[in-house]
Amino acid sequence: MADTKREIERKYEATDATRLPDLSRVAGVGRVEKRGVTELDAVYYDTADLRLASHSLTLRRRTGGADEGWHLKFPVATGIRDELHEPLADTLPRSFAALLRSRLRHTEPTPVVRLLSSRDVQHLNDENGTLLAEVSVDTVCAERLAGEGTGTTATWTEIEVELADDGDPAFLDAVEKRLRKAGVRPSESSSKLARALAETAPAPKKRAKPKTEDPQTTGDHVLAYVRKQIRTIVDLDPAVRRDLPDSVHKMRVATRRLRSAFKTYRRILDRETTDPVGAELKWLAGELGVDRDQEVLDKRLGERTEALPGTLVLGPVRGRLKVWSAARRTGSRRRITDVLDGKRYLALLDTLDALAADPPLRPAASRAPGKELPRAVLKDYEKLARRMDHALEHPPGPERDAAMHEARKAAKRARYAGDAARPALGKPAKRFAKRVKAVQSVLGDHQDSVVARDALRGLAIEAHAAGETTFTWGLLYGHEEATADARERELPEVWARASDPVLRADLKH
């Protein structure tokens, strides 16, 4: 796996007349250490349509400097990026190719810009000599290597302040205050590549002013939501490959939201096209969830066990939990990577792109959203209401557990429908989604308790067979029963708030 570094930096405009102020006067700086000038030669890679740049991704091969090699940068927030590094090689590292696969698909990245930089570096150290930040004055010459503007060059000088590893971001504020006093202003470009692309691009042709657009249609709103979920799946692909926290869960949610939208808005999007896509999304969600459900269960049982007084944890409970969890895991990291590298997944991404570019709109898509969207949302609500009635009419027991689980699925779909309609319907849709989410949460915790009790019963059987006491397993089982009972008592009140007729009436106005 490539080395990863969290890069926190700020860029500033500079001219030939710009001189750095005395940065030793910045609070916390004990000494300014001049590190000399380094010559850097970087070639930036992208597709012909600059697909990576459009997602604020940077792929380069750089020689010169202490970290020469291949670099891949992912945006995290303004001024913050994760920089991955691989050793210098003639070809794109396989690890980088995998991380870019959801965006590159079947296209190979090629050189688009070359940057020659002369970097004059200073280190800002504290009184103990610990590095606080690196300040560099970069004199840059950029050359366009491909596309329109090939051969065009641009030059500029900029100041870059990069926070040291594990440094306090507030220190950058102190440095910026000093720079601003000296007349130095923040750069308008987010990166050298962005500036190079802008300054070497041909002058835009004059175009006629677009006509004023008609009010957005139902189709416009639905497609905006659909495209957002597609972008989320593509954007999360590298995060899943890097095993970043909660990335698998978020990607799985995006697939569910998209599939749910296809079902909710069948009057808007032709199901002959969306149903096969929905089936593939269900497959992907299933693959992503192979170990996700086990993670949730592990966390629940672990927290329940840790909450018990030590005197009530009898026998090798923690050890058995650990062994049991390991045995149930499927080596999902490799499995998920294999799925994301597979032809079926890449074909799904291509299909989603095609759907977003040429959506299968039905006649209702051209109508105003004020009627069509509430109609779709309320249809999902009615399905939820039927399932809730079915669940609440059963006495506690397995049949009610199963009915509540089905109601949970319907609540999730109704909530997603409200979320999708929110940009058009505003606060009524927001309130609706919030109330239904509360129902979903109660039903979800109840279902988690059902799954946990089944697991605890199995663990107790294994412990008994091994000659261990089952006291703690029984105690945990009792706690889960109490949780389920509490959720069942809570549900009617939460559902009453979500089924308020005023709430539904507001959606129609």
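- For the pair E480 and R300, the salt-bridge criterion is met [side-chain N within less than 4.0 Å of a carboxylate O].
- A salt bridge is absent between E162 and K11: the closest approach of a Lys/Arg side-chain nitrogen to an acidic carboxylate oxygen does not fall below 4.0 angstrom.
- Contacts of R266 classified as side-chain hydrogen bond (donor to acceptor under 3.5 Å, both in side chains), with partners at least two apart in sequence or in another chain: none.
- One finds no salt bridge joining K250 and D235 here, because no Lys/Arg side-chain nitrogen approaches an Asp/Glu carboxylate oxygen to under 4.0 Å.
- At a cut-off of 3.5 Å, with distance as the only test, no side-chain donor of D401 or H394 sits close to an acceptor on the other residue.
- Classification of E490 and R487 as a salt-bridged pair holds, one side-chain N sitting under 4.0 Å from a carboxylate O.
- Counting non-hydrogen atoms of other residues, nucleotides and ligands closer than 6.0 Å to CZ of R457 gives a total of 12 or fewer.
- Using a 4.0 Å cut-off between a side-chain N of Lys or Arg and a carboxylate O of Asp or Glu, K5 and D67 do not qualify as a salt bridge.
- R101 has a carboxylate O that lies under 4.0 Å from a charged side-chain N of D341, or vice versa, which qualifies the two as a salt bridge.
- Taking a cutoff of 4.0 Å between a charged side-chain nitrogen and a carboxylate oxygen, D173 and R10 qualify as a salt bridge.
- Only one option out of D165, D166, D82 pairs with R6 in a salt bridge (Lys or Arg N to Asp or Glu O under 4.0 Å); it is D82.
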Audit row: E393, R400, salt bridge (Lys or Arg N to Asp or Glu O under 4.0 Å) steps and yes/no
CA-CA 8 Å; E393 71 183 12; R400 171 178 270 199; over 6 Å; no
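- In this structure, CD on E160 lies 4.5 Å from OG on S136, to the nearest 0.5 angstrom.
- Taking a cutoff of 4.0 Å between a charged side-chain nitrogen and a carboxylate oxygen, R81 and E9 qualify as a salt bridge.
- Checked for salt-bridge contact, R105 and D353 meet the test: a charged N lies under 4.0 Å from a carboxylate O.
- One finds no salt bridge joining K299 and D448 here, because no Lys/Arg side-chain nitrogen approaches an Asp/Glu carboxylate oxygen to under 4.0 Å.
- A donor-acceptor pair shorter than 3.5 Å cannot be found between the side chains of T351 and E280.
- The six-membered or imidazole ring of W70 lies near that of Y45, with a centre-to-centre distance under 6.0 Å.
- Without hydrogens or angle criteria, T305 side chain to L301 main chain gives a donor-acceptor distance under 3.5 Å.
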